[in-house]
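These notes are about the structure you will find just below.
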There are 2 protein chains.
Amino acid sequence: MNYDREFLTGTVGLLILSLLSERAMYGYEILQEAERRSASQFQMKEGTIYPALHQMERAGWLKADWRESKSGRARRYYALTAKGRRQATSKKRQWVALSVAVRAILGGAHG
Amino acid sequence: MNYDREFLTGTVGLLILSLLSERAMYGYEILQEAERRSASQFQMKEGTIYPALHQMERAGWLKADWRESKSGRARRYYALTAKGRRQATSKKRQWVALSVAVRAILGGAHG
DNA sequence: ATGATTACCTTGTCTGCCAAGGTATAGTAC
DNA sequence: GTACTATACCTTGGCAGACAAGGTAATCAT
């Protein structure tokens with residue numbers, strides 16, 4: 001297996017796809033959820049996430065629709081398509097393989 | 001702790017520093033060693049590693065010297081400086097934290 | 001001699017991430 | 001009522017990392 005070049009840099013894509021594979025979310029919610037679950041290790045920026053979502057939508061991984069919240073504020077919810085689900089699975093697998101490979105090298109280096 | 005932006009993309013830097021924290025190596029050797037230990041998962045390219053080594057040298061993380069191999073071929077060996085050793089430790093720690101955080105998010109997503 | 005491998009290097013391109021800025025609404029504090 | 005904060009969306013521009021592609025030159029095997 002070869003890592004996409006994109007993947008080596010693309011932790012953000014992995015996170016988005018992973019979160020959306022649980023349920024549909026809107027952009028701002030993804031930011032907060034990632035921060036919460038990682039104990040604030042991840043602090044993705046809006047300038048990172050919105051363009052990423054748009055790009056994934058164009059690529060056919062996501063499907064978006066506007067929903068009104070109770071307060072009347074409009075939110076754009078994103079859900080995985082079938083293609084997106086395959087991407088999510090693939091990226092997770094790649095990440096696991098990557099982390100195993102990194103550990104194989106760090107491990108040699110003292111421990 | 002916050003990840004350097006650089007780190008999120010910079011697996012290559014981590015690998016180089018880790019390998020050099022074991023012993024001095026020359027560029028080409030690093031490529032091969034990374035590939036060998038990762039069971040060919042990593043196939044770093046020369047266009048990646050040489051500029052990276054030069055940059056780390058400029059940053060004062062590495063010290064380089066030319067050595068002749070038995071065959072008479074010249075090789076440029078790189079060794080960590082004290083500063084480089086601190087960097088290596090820091091980057092390893094960051095990587096471990098990153099992988100924990102990613103797993104915290106992937107974990108929620110079905111498993 | 002021809003090609004593969006070792007070993008170094010640089011330039012140009014593509015893309016990801018983010019800082020910075022912008023819009024607009026809802027809730028809270030004074 | 002007005003200022004501030006948080007929510008929620010968005011875009012533009014710049015910087016840096018990874019690599020494809022190309023180059024040099026020596027050694028080794030056929």
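Residue numbers begin at 1 in each chain, while the letters A, B, ... track the order of the sequences.
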**Residue list, side chain to side chain contact (heavy atoms under 4.5 Å, CB included) with B/K63, at least two apart or on another chain** =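 Per chain and number, B/K63 pairs via side chain to side chain contact (heavy atoms under 4.5 Å, CB included) with B/T81.
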
**Request:** Only counting residues at least two apart or in another chain, list the ones meeting side chain to side chain contact (heavy atoms under 4.5 Å, CB included) with A/A74.
**Result:**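 A/A74 satisfies side chain to side chain contact (heavy atoms under 4.5 Å, CB included) with A/W66, A/E68 once adjacent residues are dropped.
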
Rounded to the nearest Å, what distance is computed from the [atom1] atom of residue [X] to the [atom2] atom of nucleotide [N]?
X     : N      : atom1 : atom2 : result
B/E68 : C/dA7  : CD    : P     : 12 Å
A/F42 : C/dC18 : CZ    : P     : 10 Å
A/L31 : C/dC18 : CG    : C1'   : 13 Å
A/I49 : C/dA19 : CD1   : P     : 14 Å
B/R58 : C/dT10 : CZ    : C1'   : 13 Å
A/Q55 : C/dC14 : CD    : C1'   : 12 Å

Taking only residues two or more places apart in sequence or in another chain, which ones pass side chain to side chain donor-acceptor pair (under 3.5 Å) with [X]?
X     : value
B/R67 : B/D65
A/R86 : none
A/E29 : A/R23

**Item:** Pairs satisfying salt bridge (Lys or Arg N to Asp or Glu O under 4.0 Å), at least one member in residues 74-85 of chain A, at least two apart
**Value:**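 Non-adjacent pairs meeting salt bridge (Lys or Arg N to Asp or Glu O under 4.0 Å): A/E57-A/R76.
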
**Message:** To the nearest 10°, give me the bend of the helix from C/dA1-D/dT30 to C/dC30-D/dG1, comparing the axes of its five terminal pairs at either end.
**Reply:**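 Between the axes fitted at each end of the helix from C/dA1-D/dT30 to C/dC30-D/dG1 lies an angle of 20°.
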
**Residues in ring-ring contact (aromatic ring centres under 6.0 Å, His included) contact with A/Y77, at least two apart in sequence or another chain** =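 If we apply the ring-ring contact (aromatic ring centres under 6.0 Å, His included) test to A/Y77, skipping adjacent residues, the hits are A/Y26.
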
**Complete:** Once base and sugar-phosphate atoms are separated, protein heavy atoms under 4.0 Å mark nucleotides 8-13 of chain D, 5' to 3', with B, S and - as BBBB--

**Message:** Please confirm whether the shortest side-chain N or O distance from B/K45 to OP1 or OP2 of D/dA20 is below 4.0 Å.
**Reply:**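 So the side-chain polar atoms of B/K45 do come within 4.0 Å of the phosphate oxygens OP1 or OP2 of D/dA20, strictly under.
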
**Asked** Should A/L20 and A/I30 count as side-chain neighbours, where that means a heavy-atom distance under 4.5 Å?
**Response**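 SC-SC contact between A/L20 and A/I30 confirmed.
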
